[in-house]
Amino acid sequence: MATATYPPPPPFYRLYKDYLQDPKSAPEPPPPIDGTYVCFGGNYTTSDVLPSLEEQGVRQLYSKGPNVDFKKELRSLNGELQLHVLELADILIERPSQYARRVEEISTVFKNLHHLLNSLRPHQARATLIHILELQIQHRKQAVEDIKRRREEARRLLNESLATLDGH
């Protein structure tokens, strides 16, 4: 079986053969996808909205409303989770046949924790972007300072060279 080091380009490259002479000869890009689409057999949507717990059929254990204190609610749910796990351990020891309800309660607490954390993702993304931009600014300032330092060093060397040449 023969293999090529560089496989041939895809056939649609021919659509761009006159691009250098006439840039308008290239086909228009496809329109952006809006709504749902299929990718590798999975259905996806372009809307980036976090569905509520009620829409998912899960009972919400933390307070509703726009002013949720995430820190307080996460701590509360974490304590509730610890309590349910301890109760599950007790039930498994005393009445092993009745564990299903406790497992379902633990699942509900986990789903609420997961939903709270997912609702913080936009804030995390914004903070990460701000941090990356601040790092880029810092690196660029360092690069400018390095260029200035090297420029001054080059000027100094040139002045020394000129002084040496004038002295001979």
Side-chain angles (χ1 to χ4, degrees), residues 3-7 9-13 15-16 26-153:
T3 59
T5 305
Y6 300 102
F12 58 83
Y13 79 94
L15 298 173
Y16 298 89
E28 291 292 319
I33 298 173
D34 190 25
T36 60
Y37 62 95
V38 177
C39 183
F40 300 113
N43 290 326
Y44 298 94
T45 181
T46 55
S47 66
D48 201 15
V49 178
L50 181 65
S52 69
L53 287 170
E54 288 84 19
E55 291 173 8
Q56 298 176 32
V58 178
R59 182 172 50 104
Q60 185 167 335
L61 301 177
Y62 56 91
S63 61
K64 297 179 182 179
N67 300 330
V68 176
D69 184 6
F70 289 98
K71 190 175 183 179
K72 181 180 131 257
E73 296 297 343
L74 286 169
R75 282 188 175 163
S76 170
L77 287 172
N78 188 33
E80 202 171 321
L81 177 65
Q82 291 174 0
L83 177 68
H84 285 306
V85 169
L86 287 174
E87 288 176 353
L88 176 65
D90 286 341
I91 286 177
L92 286 174
I93 292 170
E94 296 171 8
R95 301 175 304 274
S97 61
Q98 298 176 359
Y99 74 95
R101 192 176 112 237
R102 293 293 177 205
V103 171
E104 185 61 35
E105 289 172 355
I106 290 173
S107 175
T108 302
V109 172
F110 268 123
K111 288 175 183 174
N112 275 266
L113 279 168
H114 194 250
H115 190 268
L116 264 178
L117 291 173
N118 280 339
S119 61
L120 288 172
R121 296 277 182 222
H123 305 292
Q124 178 189 17
R126 200 171 7 265
T128 302
L129 184 61
I130 289 169
H131 178 70
I132 289 171
L133 292 174
E134 287 172 347
L135 283 178
Q136 286 179 357
I137 290 170
Q138 180 183 359
H139 289 302
R140 288 178 182 172
K141 284 181 179 178
Q142 287 175 350
V144 167
E145 291 301 317
D146 188 44
I147 290 170
K148 286 180 180 178
R149 184 180 49 79
R150 290 175 190 256
R151 182 188 66 188
E152 292 302 318
E153 185 180 331

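All values derive from a computational prediction rather than experimental measurement.
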Can you measure from [atom1] ([X]) to [atom2] ([Y]) and round to the nearest 0.5 angstrom?
{"X": "H139", "Y": "I137", "atom1": "NE2", "atom2": "CD1", "result": "11.5 Å"}
{"X": "I91", "Y": "Y99", "atom1": "CD1", "atom2": "OH", "result": "12.0 Å"}
{"X": "L92", "Y": "Q98", "atom1": "CG", "atom2": "CD", "result": "11.0 Å"}
{"X": "K111", "Y": "L113", "atom1": "NZ", "atom2": "CG", "result": "12.5 Å"}
{"X": "I33", "Y": "T46", "atom1": "CD1", "atom2": "OG1", "result": "8.0 Å"}
{"X": "D69", "Y": "R75", "atom1": "CG", "atom2": "CZ", "result": "9.5 Å"}

Taking atom [atom1] as the centre, does [X] end up with more than 12 heavy-atom neighbours from other residues, nucleotides or ligands that are less than 6.0 angstrom away?
{"X": "D146", "atom1": "CG", "value": "yes"}
{"X": "Y37", "atom1": "OH", "value": "yes"}
{"X": "R95", "atom1": "CZ", "value": "yes"}
{"X": "F70", "atom1": "CZ", "value": "yes"}
{"X": "H131", "atom1": "NE2", "value": "no"}
{"X": "R149", "atom1": "CZ", "value": "yes"}

Is there side-chain contact between [X] and [Y], with at least one heavy-atom pair below 4.5 Å?
{"X": "L74", "Y": "L116", "answer": "yes"}
{"X": "Q56", "Y": "H115", "answer": "yes"}
{"X": "Q60", "Y": "N112", "answer": "yes"}
{"X": "K141", "Y": "V144", "answer": "no"}

Practice task
Using a strict 4.0 Å threshold on nitrogen-to-oxygen distance, state whether R102 and E105 make a salt bridge.
Solution key: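 Result for this pair is yes, salt bridge flagged.
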Looking only at heavy atoms, which two atoms of [X] and [Y] are closest? And how far apart?
{"X": "G65", "Y": "V68", "value": "O-CG2, 3.1 Å"}
{"X": "E80", "Y": "L61", "value": "OE2-CD1, 3.8 Å"}
{"X": "S63", "Y": "E73", "value": "OG-OE2, 3.1 Å"}
{"X": "T108", "Y": "R59", "value": "CG2-O, 3.7 Å"}
{"X": "Y44", "Y": "C39", "value": "CE1-O, 3.5 Å"}
{"X": "I106", "Y": "H84", "value": "CG1-CB, 3.6 Å"}

ask   = Do the side chain of T128 and the main chain of Q124 share a donor and acceptor less than 3.5 angstrom apart?
value =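 Yes.
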